[in-house]
Amino acid sequence: MIDLSSHDSASKNLRVREFYLGRQPLLDRNQALFGYELLFRNAPIGPANVTSDLGATASVLAHAAQLGMEKVIGDALGFVNVDADTIMSDIWGFLPKEKVILEITENMEATPPVLSRMAELVEQGFRFALDDVTAETGQVQSLLPLIEYVKMNMRNTDLPTLMKMAPRFKQDGKKLVAEKVETRDEFKNCLDLGFDFFQGYYFAKPIIMSGKKLSPSQLALMELMTLVTSDADNVDIERAIKKDVSLALNLLRLVNTPAVGARQRIDSLSQAVTILGRRQLQRWLQIMLYAEPAKRGHSMTPLLMLATTRGRLLELLAHKLRPKHQHVSDIAFTVGIMSLMDTLFGLPMEEILTQIPVIDEVADALMYRQGFFGELLQLAECLEQVEELDHKIDPTLRDLEMSTDELVELEVAAFEWSDNVVRYAL
């Protein structure tokens with residue numbers, strides 16, 4: 001056994017600032033949020049050193065606990081990668097066993113001591129996921145009795161193999177997770193094969209539908225946003241909101257979330273308009289665009305979560321970098337929220353921008369990822385897909401003159417804010 005105290009010096013050296021934190025959603029069969037895989041990347045050195053060195057792994061897990069697991073994953077489960085050294089160590093006091101799934105790769109050597117230690121941890125209430133399973137090897141068979149979740153990668157597993165293996169794992173009572181699901185067709189194939197959970201950004205990719213127009217409720221929200229951003233009187237704004245009862249009720253629910261931080265309960269639309277101010281009201285209307293489909297029976301929670309996290313992260317980044325310019329933070333939030341509207345509406349971004357007038361800086365960010373806001377948006381997208389895009393984060397941070405320490409702090413704050421919003425929005 002390895003006592004974590006022997007790694008105190010490693011923990012001190014490997015401060016939070018040396019890690020990127022990625023968070024990739026896992027959805028259930030109804031496309032509702034189930035969990036997150038937490039991905040840690042070592043900024044100066046590269047991904048391999050984080051998972052192979054116990055000092056680094058211990059530090060990462062310790063920092064995850066210090067950041068507050070509930071801030072990072074909310075009500076969901078957290079899938080955390082561990083290696084054989086980590087399994088054999090004594091670092092488990094850091095992690096809430098009811099909230100985490102320990103994820104191991106299928107090529108981890110299943111030695112008798114490792115299997116024995118895993119059995120101990122299972123007895124204590126920890127659960128394991130087996131990652132990157134591509135064949136029923138002897139190694140997989142020896143690990144399987146201790147495994148609750150089997151993860152199969154859609155990038156390196158062909159359909160015949162999936163069709164052969166998925167039923168067998170299901171028969172053994174395992175929960176199946178499809179990884180790297182990047183298209184709706186892949187999602188449907190995995191649904192048909194009986195997969196329980198899905199990891200990948202297929203839900204955030206737009207399906208462009210030619211000739212599609214915004215729905216009446218979407219149009220109503222857009223028109224209301226136009227009123228809010230123009231010099232319309234508060235009375236006219238209230239009147240527009242009252243035309244749609246569900247819109248009014250949902251808005252009141254949203255503006256009373258802890259994320260708003262209002263000092264008193266907001267009970268009327270006139271209060272909402274007066275207390276929040278135009279910019280804040282616009283923000284909640286933007287969020288409601290993503291919340292509305294969920295209320296009509298379509299589970300859009302992951303898209304709502306992603307949009308609100310992006311919006312908040314861009315806002316916090318802009319505030320950090322341009323602290324004396326509040327309007328810059330407001331614009332950054334709008335860029336983050338609007339960056340997924342092509343997916344939400346099923347329309348090309350250029351068409352959306354003909355219906356929603358925006359300033360040139362916002363259009364450049366949304367269309368071409370250019371300018372200050374475009375750079376912030378690119379950074380957020382790299383963090384979402386940190387496995388593939390971690391090499392792009394360091395250069396962007398250098399351009400923005402920001403440390404990874406500051407970035408992780410803002411990212412966790414964005415996670416927590418978004419989780420609060422989504423919890424109350426639905």
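Side chains included, hydrogens not; waters and symmetry mates left out as well; all remaining heavy atoms used. Remember, predicted model here, so these are calculated numbers, not experimental data.
Counting heavy atoms of neighbouring residues, nucleotides and ligands inside a 6.0 Å radius, atom CD of E361 does not exceed 12 of them. More than 12 heavy-atom neighbours from other residues, nucleotides or ligands sit within 6.0 angstrom of CE on M367. More than 12 heavy-atom neighbours from other residues, nucleotides or ligands sit within 6.0 angstrom of NZ on K170. More than 12 non-hydrogen atoms from other residues, nucleotides or ligands lie less than 6.0 angstrom from NZ of K99. Annotation for E401: atom CD does not count as buried by contact number, only 12 or fewer foreign heavy atoms lying within 6.0 Å.
The six-membered or imidazole ring of F198 lies away from that of F203, with a centre-to-centre distance of 6.0 Å or more.
We find that D330 and R283 are joined by a salt bridge, their nearest charged nitrogen and carboxylate oxygen being less than 4.0 Å apart. The residues E381 and R369 are annotated as salt-bridged, a charged nitrogen and a carboxylate oxygen being separated by less than 4.0 angstrom. Between R127 and E103, none of the side-chain N atoms (NZ, or NE/NH1/NH2) sits under 4.0 Å from a carboxylate O, so this pair counts as no salt bridge. Classification of K151 and E37 as a salt-bridged pair holds, one side-chain N sitting under 4.0 Å from a carboxylate O. One finds no salt bridge joining D196 and K175 here, because no Lys/Arg side-chain nitrogen approaches an Asp/Glu carboxylate oxygen to under 4.0 Å. The existence of a salt bridge linking R423 and D419 is confirmed by a sub-4.0 Å separation between a basic side-chain nitrogen and an acidic carboxylate oxygen. At a threshold of 4.0 Å, the pair R23-E411 does not count as salt-bridged, since none of the basic side-chain nitrogens sits closer than that to a carboxylate oxygen.
Side-chain N/O atoms of R239 and N234 include no donor and acceptor closer than 3.5 Å. Donor-acceptor pairing under 3.5 Å is lacking for the side chains of D267 and Q271. A donor and an acceptor atom, one from each side chain of S339 and R310, are located under 3.5 Å apart. In this structure, a donor-acceptor pair under 3.5 Å is absent between the side chains of Q378 and T396.
Looking only at distances, no side-chain donor or acceptor of D233 sits under 3.5 Å from a matching main-chain atom of D236. The backbone N or O of M305 lies less than 3.5 Å from a partner atom in the side chain of S418, making a donor-acceptor pair. A donor-acceptor contact shorter than 3.5 Å is absent between the side chain of D172 and the backbone of K174. Counting only distance, with no hydrogens or angles, the side chain of T274 and the backbone of S270 share a donor-acceptor pair below 3.5 Å. A donor-acceptor distance shorter than 3.5 angstrom exists from the side chain of S230 to the backbone of T226, with no hydrogens or angles considered. Here the side chain of T157 pairs no donor or acceptor atom with the backbone of L162 at under 3.5 angstrom. With hydrogens and angles ignored, the 3.5 Å screen pairs a side-chain donor or acceptor of T354 with a backbone N or O of E351. In this structure a side-chain-to-backbone donor-acceptor pair under 3.5 Å is present from N256 to I266.
Ring planes of F79 and Y149: perpendicular class, angle over 60° (limits at 30 and 60°).
Counting only heavy atoms from C-beta outward, the side chains of V335 and V358 never approach each other to under 4.5 Å. With a 4.5 Å cut-off on side-chain heavy atoms, D131 and I104 do not count as touching. Side-chain contact check for T308 versus Y290: every heavy-atom pair is 4.5 Å or farther apart. With contacts defined as side-chain heavy-atom distances shorter than 4.5 Å, the pair I331/I359 qualifies. Counting only heavy atoms from C-beta outward, the side chains of W284 and V421 approach each other to under 4.5 Å. Side-chain contact check for I237 versus R278: some heavy-atom pair is nearer than 4.5 Å. A 4.5 Å side-chain heavy-atom check between R322 and F372 finds at least one atom pair inside the cut-off. The closest side-chain heavy-atom distance from V177 to L26 is below 4.5 Å.
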Would you sort out whether K164 and E136 count as a salt bridge (charged side-chain N to carboxylate O under 4.0 Å, His left out), showing the intermediate values?
-> CA-CA 10 Å; K164 177 183 166 191; E136 287 186 86; 5.9 Å; no

Check against salt bridge (charged side-chain N to carboxylate O under 4.0 Å, His left out), R155 and E179 = CA-CA 8 Å; R155 294 279 74 80; E179 287 188 288; over 6 Å; no

Carefully, step by step, assess K205 and E182 under the rule salt bridge (charged side-chain N to carboxylate O under 4.0 Å, His left out).
-> CA-CA 8 Å; K205 294 191 174 175; E182 300 300 332; 3.3 Å; yes

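Between M152 and V133, the shortest heavy-atom contact is CG-O, 3.7 Å. Of all heavy-atom pairs spanning T343 and L303, the tightest one is CG2-CD2, 3.9 Å. Closest of all the heavy-atom pairs between L313 and A380 is CD2-CB, 4.2 Å. Closest heavy-atom contact between V412 and K71: CG1-CB, 3.8 Å. In terms of heavy atoms, A318 sits closest to A332 at CB-CB, 3.6 Å. Summarising the geometry of V140 relative to A135, their closest heavy-atom pair is CG2-O, 3.5 Å, with the distance given to 0.1 Å.
We find the CG-CG distance between L289 and L224 to be 10.0 Å, quoted to the nearest 0.5 Å. Here the CD-CG distance, from E350 to L366, works out to 11.5 Å after rounding to the nearest 0.5 Å. Atom CE of M288 sits about 11.0 Å away from atom CG of L304, to the nearest 0.5 Å. Of the inter-residue distances, the one linking M402 atom CE with L407 atom CG reads 7.0 Å to the nearest 0.5 angstrom. A distance of 8.0 Å separates CD in E406 from CG in L321, rounded to the nearest 0.5 Å. Note that the CG atom of D83 and the CG atom of L102 stand 11.5 Å from one another [nearest 0.5 Å].
For the pair R312 and F333, the cation does not sit on the ring face, since its NZ or CZ is not both under 6.0 Å from the ring centre and inside 45° of the axis. At least one cation-pi condition fails for R29 and F34: the charged atom is not both under 6.0 angstrom from the six-membered ring centre and inside a 45 degree cone around its axis.
With sequence neighbours left out, the side chain to side chain contact (heavy atoms under 4.5 Å, CB included) criterion links K243 to no other residue.
Checking each of I147, I101, L143 against F128 for a side-chain contact (heavy atoms from CB on, under 4.5 Å) leaves exactly one that passes, namely I147.
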